[in-house]
Amino acid sequence: MPARVKAALFLAWSLIVTLLRRLFGSKENLGIALFKENYGPDRLPPVTPEERENFADFGGCIACGLCDRGEAERIAASKGEYRGVMHLMLGGSRSMPDYTAAALSFRHVPDDVLRKKEAACPTRVPMRAISRFVREKAAEERRLSGESAAEQAAE
C-alpha cells in the first residue's frame, strides 16, 4: 500500500476515534486536567487566564542591555547561575522555560534592584511581575515533579 494511502487512512481513523471520544467519552479529562495529564511529566504547569493576559506585557523586552548595567559582581558571584537581568527578561517572558532554573537565577537579583531597573527600562518591562511569575511556576514545577519538601528547602 502506498505511503500516502496509509497516511490518509491513519488520519481518517484518528479523526473518527477523536470524534467518538468527544461524543461518548468521559468529560473529566478535558481542559486543564488533560493539559496536566499530557504535560505534567514534563513539569510544564498550566497558566491561568490572568497569567495569559500578562504575557503581552512580559514580552516587551527589546534586548537593549540597559538592565545589565551594574550586574557584573552579581553575575560573577553566581558562578554561572545568573547571566544578567536581560537574559531573565528574555527567557522568562518569551517561552515556557525551565522555571526552576530561571528561579535559581532570579535569586541573585533582589526585588528592589528589579524595581530600579524597571524605572530605567525604555519599554517598562514589569521585571518584578516576571520574577514573581517565574518563581510561582517554579514552585508548581516542583509540585508536578513530586519533589519533596526537603529538596525544595535545600534550594
Side-chain angles (χ1 to χ4, degrees), residues 11 14-15 17-19 21-23 25-155:
L11 287 172
S14 296
L15 176 63
V17 169
T18 299
L19 293 174
R21 280 188 181 155
R22 287 191 180 178
L23 286 173
S26 170
K27 303 296 183 204
E28 292 176 22
N29 280 337
L30 298 177
I32 295 295
L34 188 56
F35 180 93
K36 288 179 180 178
E37 180 182 321
N38 288 327
Y39 296 103
D42 295 329
R43 295 180 28 218
L44 184 62
V47 294
T48 65
E50 296 81 24
E51 290 168 338
R52 216 171 299 120
E53 285 179 24
N54 291 334
F55 282 161
D57 295 332
F58 287 1
C61 180
I62 58 172
C64 68
L66 289 174
C67 56
D68 282 340
R69 285 187 179 166
E71 292 299 300
E73 285 183 31
R74 268 190 278 278
I75 292 169
S78 76
K79 297 184 173 125
E81 281 186 356
Y82 171 62
R83 295 175 49 205
V85 175
M86 184 181 72
H87 286 283
L88 289 171
M89 295 306 109
L90 292 172
S93 64
R94 299 226 168 123
S95 64
M96 298 298 271
D98 180 347
Y99 290 113
T100 302
L104 287 174
S105 198
F106 269 114
R107 286 189 323 189
H108 298 280
V109 190
D111 274 355
D112 63 318
V113 171
L114 291 176
R115 181 181 47 77
K116 291 175 187 170
K117 295 199 181 274
E118 280 178 3
C121 178
T123 58
R124 298 293 185 242
V125 173
M127 298 177 188
R128 290 172 294 169
I130 292 172
S131 176
R132 275 189 306 277
F133 172 76
V134 166
R135 288 177 178 146
E136 289 168 6
K137 290 300 167 191
E140 285 183 49
E141 276 185 348
R142 288 191 300 270
R143 283 192 299 274
L144 287 171
S145 70
E147 190 174 304
S148 72
E151 290 170 316
Q152 292 178 27
E155 214 178 85

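Keep in mind the model is a prediction, meaning the values are calculated, not measured.
Nearest heavy atom pair, residue Val113 against residue Arg74, reads CG1-NH2, 3.4 Å. Closest non-hydrogen pair, Pro46 versus Glu51, comes out as O-OE1, 4.1 Å. Summarising the geometry of Phe58 relative to Pro126, their closest heavy-atom pair is CD1-CG, 3.9 Å, with the distance given to 0.1 Å. Contact detail for Leu90 and Ala63: the closest heavy-atom pair is CD1-CB, 4.0 Å. Contact between Ala102 and Val134 at its shortest, heavy atoms only, is CB-CG1, 3.5 Å. Contact between Phe35 and Pro45 at its shortest, heavy atoms only, is CE2-C, 3.8 Å.
Here Leu104 contributes atom CG and Arg135 contributes atom CZ; the two are 10.5 Å apart, rounded to the nearest 0.5 Å. Here the straight-line distance linking atom OG1 of Thr123 with atom CD of Glu118 works out to 10.5 Å at 0.5 Å rounding. One finds the SG atom of Cys121 at 7.0 Å from the CD1 atom of Ile62 (value rounded to the nearest 0.5 Å). In this structure, Tyr82 OH and Leu88 CG are separated by 6.0 Å, a value rounded to the nearest 0.5 Å. Note that the NZ atom of Lys117 and the CE atom of Met86 stand 12.0 Å from one another [nearest 0.5 Å]. Taken to the nearest 0.5 Å, the SG atom of Cys67 stands 15.0 Å off from the NZ atom of Lys116.
Within the 4.5 Å cutoff, no side-chain heavy atoms of Glu71 are placed close to those of Ser78. Side chains of Ser131 and Val109 form no contact here, defined as non-hydrogen atoms less than 4.5 Å apart. Contact annotation: the side chain of Ser105 never approaches that of Arg83 to less than 4.5 Å [non-hydrogen atoms, C-beta and beyond].
Enclosure of atom CZ in Arg69 is not indicated, since only 12 or fewer non-hydrogen atoms of other residues, nucleotides or ligands lie within 6.0 angstrom.
Between the side chain of Arg52 and the main chain of Val47, a donor-acceptor pair closer than 3.5 Å is present. With hydrogens and angles ignored, the 3.5 Å screen pairs no side-chain donor or acceptor of Arg107 with any backbone N or O of Glu81.
No side-chain N or O of Thr18 forms a donor-acceptor pair with one of Arg22 less than 3.5 Å apart.
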Stepwise, does the ring pair (Phe, Tyr, Trp, His ring centres under 6.0 Å) test hold for Phe133 with Phe55?
CA-CA 10 Å; Phe133 172 76; Phe55 282 161; 5.5 Å; yes
Between Met127 and Ile130, does the side-chain contact (heavy atoms from CB on, under 4.5 Å) criterion hold? Intermediate values first, please.
CA-CA 5 Å; Met127 298 177 188; Ile130 292 172; 5.7 Å; no
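Comment: Lys137 engages Glu140 in a salt bridge, judged by a side-chain N to carboxylate O separation of less than 4.0 angstrom.
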